[in-house]
Amino acid sequence: MEVSVAEVLRKKNPAAARWIPGFAVRYLARIVHEEEVNSYLRDFADLDAIHFVRACLERMRIGYRAEGMEKLDPQGRYIFASNHPFGGVDGLMLADEVSKHFGDVRVVVNDILMNLTPLAPLFIPVNKHGRQNPAYLRMFNEAFDSQLPIVTFPAGLCSRRTNGTVADAPWKSNFVKRAVASRRDIVPVHFDGELSNFFYRLSNIRKRLGIKANIEMLYLADEMFKQGGRHFDIRIGDPVPWQEIRAEGTPARWAERIRTNAYNLKNSGR
């Protein structure tokens, strides 16, 4: 059970993969920590998905403290909507914390992460660069119809630094529409932290050059491993009832409001 960058490229875009030179594939394998990721896959292959998450966090010496989860109804149906400062390890931590209180969890992710087979049972895959796979769409609908809590990062990509401030892009409103349709309350979540200056500089240079391709995303695995040995705070806000959302306002307005609620948790003492 291993991940191959070359194979992932071939599966995702066979036509383009034929033209990528070998040295570029080897460079990609290095910056996504292919060997290190495969060591985790080998060493923890016998674990179920959530215990795999915990084993990874422990090996990376990543710790966290969560505040506010204890106030939620264990029988409630929730969508946890979080800011996304780390692009990966925040998802692992939040999945771990939610599962401790609700027994299980599903996380909306880029479908490329389905290549991490031990984690696949936790994931609700979404193709962000093309047509939706019918099987993935079925998984998406089944998850939202279920009783399981769902974690989502509505910005759709990790935070960027703009004018000296690291924050998410405006949140897309699809999670609000899904909350109402599936009768789930929305719980705002906030992580505090940043990635490296290199990541933000690369993002800003790419934008200034007018390059639309999200080049900096290639370095997210490298950024994740840089978080090793750190401790994080997760703040869980008060749920927003789906009935209240349905009663007034537009999904876009609610997405903006819930994003604001999440960022206000940073200084709320919660």
Side-chain angles (χ1 to χ4, degrees), residues 1-45 47 49 52-63 84-93 95 107 109-120 122-123 125-130 153 155-161 166 191 193-230 232:
M1 183 190 300
E2 293 191 351
V3 169
S4 164
V5 168
E7 183 61 26
V8 171
L9 290 172
R10 280 193 292 270
K11 286 169 58 179
K12 194 68 174 173
N13 195 330
R18 289 197 297 269
W19 296 98
I20 300 176
F23 74 87
V25 175
R26 290 190 293 273
Y27 178 74
L28 284 173
R30 181 167 64 83
I31 65 172
V32 303
H33 292 247
E34 181 181 275
E35 290 187 7
E36 194 164 1
V37 168
N38 283 331
S39 73
Y40 282 53
L41 295 175
R42 288 191 300 269
D43 294 347
F44 306 140
L47 300 178
F52 184 94
V53 167
R54 290 169 185 163
C56 291
L57 292 174
E58 183 177 357
R59 177 172 289 186
M60 294 173 71
R61 296 175 293 108
I62 287 176
H84 203 18
F86 307 119
V89 73
D90 37 14
L92 297 181
M93 288 187 284
V107 185
V109 300
N110 188 319
D111 66 348
I112 198 169
L113 293 179
M114 294 299 283
N115 290 283
L116 299 175
T117 307
L119 292 175
L122 292 179
F123 291 161
V126 175
N127 185 347
K128 296 185 178 181
H129 305 289
F153 297 94
L157 72 168
C158 76
S159 308
R160 300 297 195 269
R161 179 183 287 156
V166 174
F191 284 86
E194 300 182 1
L195 298 179
S196 69
N197 288 330
F198 166 80
F199 181 86
Y200 299 124
R201 287 169 183 161
L202 178 60
S203 174
N204 290 332
I205 290 171
R206 188 260 302 172
K207 291 175 184 176
R208 284 197 292 270
L209 293 176
I211 300 172
K212 294 184 178 180
N214 189 355
I215 299 171
E216 62 272 19
M217 184 181 72
L218 299 173
Y219 291 88
L220 281 178
D222 189 52
E223 293 289 336
M224 181 180 74
F225 281 105
K226 288 178 181 176
Q227 308 306 315
R230 297 184 61 191
F232 301 91

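Values below: every heavy atom of this structure, side chains too, minus hydrogens, waters and symmetry copies.
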Inset, instruction - Evaluate whether atom CD of Glu194 has more than 12 neighbouring non-hydrogen atoms of other residues, nucleotides or ligands under 6.0 angstrom away. - result: yes
Heavy-atom side-chain contact between [X] and [Y] under 4.5 Å:
{"X": "Phe191", "Y": "Met93", "answer": "yes"}
{"X": "Pro125", "Y": "Asn110", "answer": "no"}
{"X": "Val32", "Y": "Asp222", "answer": "no"}
{"X": "Leu116", "Y": "Val37", "answer": "yes"}
{"X": "Val126", "Y": "Val109", "answer": "no"}
{"X": "Arg206", "Y": "Lys212", "answer": "no"}
{"X": "Phe225", "Y": "Met60", "answer": "yes"}

Partners of [X] by side-chain hydrogen bond (donor to acceptor under 3.5 Å, both in side chains), sequence neighbours excluded?
{"X": "Arg59", "result": "Asp43"}
{"X": "Arg30", "result": "none"}
{"X": "Asn204", "result": "none"}
{"X": "Glu36", "result": "His33"}

From [X] [atom1] over to [Y] [atom2], what is the distance, rounded to the nearest 0.5 angstrom?
{"X": "Arg230", "Y": "Arg61", "atom1": "CZ", "atom2": "CZ", "answer": "12.0 Å"}
{"X": "Ile112", "Y": "Met217", "atom1": "CD1", "atom2": "CE", "answer": "6.0 Å"}
{"X": "Tyr219", "Y": "Leu28", "atom1": "OH", "atom2": "CG", "answer": "8.5 Å"}
{"X": "Glu2", "Y": "Asn115", "atom1": "CD", "atom2": "CG", "answer": "13.0 Å"}
{"X": "Leu220", "Y": "Leu195", "atom1": "CG", "atom2": "CG", "answer": "7.0 Å"}
{"X": "Leu57", "Y": "Gln227", "atom1": "CG", "atom2": "CD", "answer": "12.0 Å"}

Inset, instruction - Please check if the distance between the ring centroids of Tyr40 and Phe52 is under 6.0 Å. - result: no
Please name the pair of heavy atoms, one in [X] and one in [Y], separated by the smallest distance, quoted to 0.1 Å.
{"X": "Glu223", "Y": "Phe198", "answer": "OE2-CD2, 4.4 Å"}
{"X": "Leu119", "Y": "Ala49", "answer": "CD2-O, 3.9 Å"}
{"X": "Val25", "Y": "Val5", "answer": "O-CG1, 4.3 Å"}
{"X": "Phe123", "Y": "Met114", "answer": "CB-SD, 3.7 Å"}

Legend entry - Arg201 side-chain N/O to Phe199 backbone N/O, donor-acceptor pair under 3.5 Å: no
Legend entry - Backbone of Val166 reached by a side-chain donor or acceptor of Arg161 within 3.5 Å: no
Inset, instruction - Mind checking salt bridge (charged side-chain N to carboxylate O under 4.0 Å, His left out) for Lys207 and listing every partner two or more places apart, or none if nothing turns up? - result: none
Inset, instruction - Could you tell me whether the side chains of Ser4 and Glu34 share a donor-acceptor contact shorter than 3.5 Å? - result: no
Inset, instruction - Applying side chain to side chain contact (heavy atoms under 4.5 Å, CB included), name anything that partners Arg26, two or more places apart in sequence or on another chain. - result: Phe23
Legend entry - Test side chain to side chain contact (heavy atoms under 4.5 Å, CB included) applied to Phe44 and Cys56, step by step: CA-CA 8 Å; Phe44 306 140; Cys56 291; 4.2 Å; yes
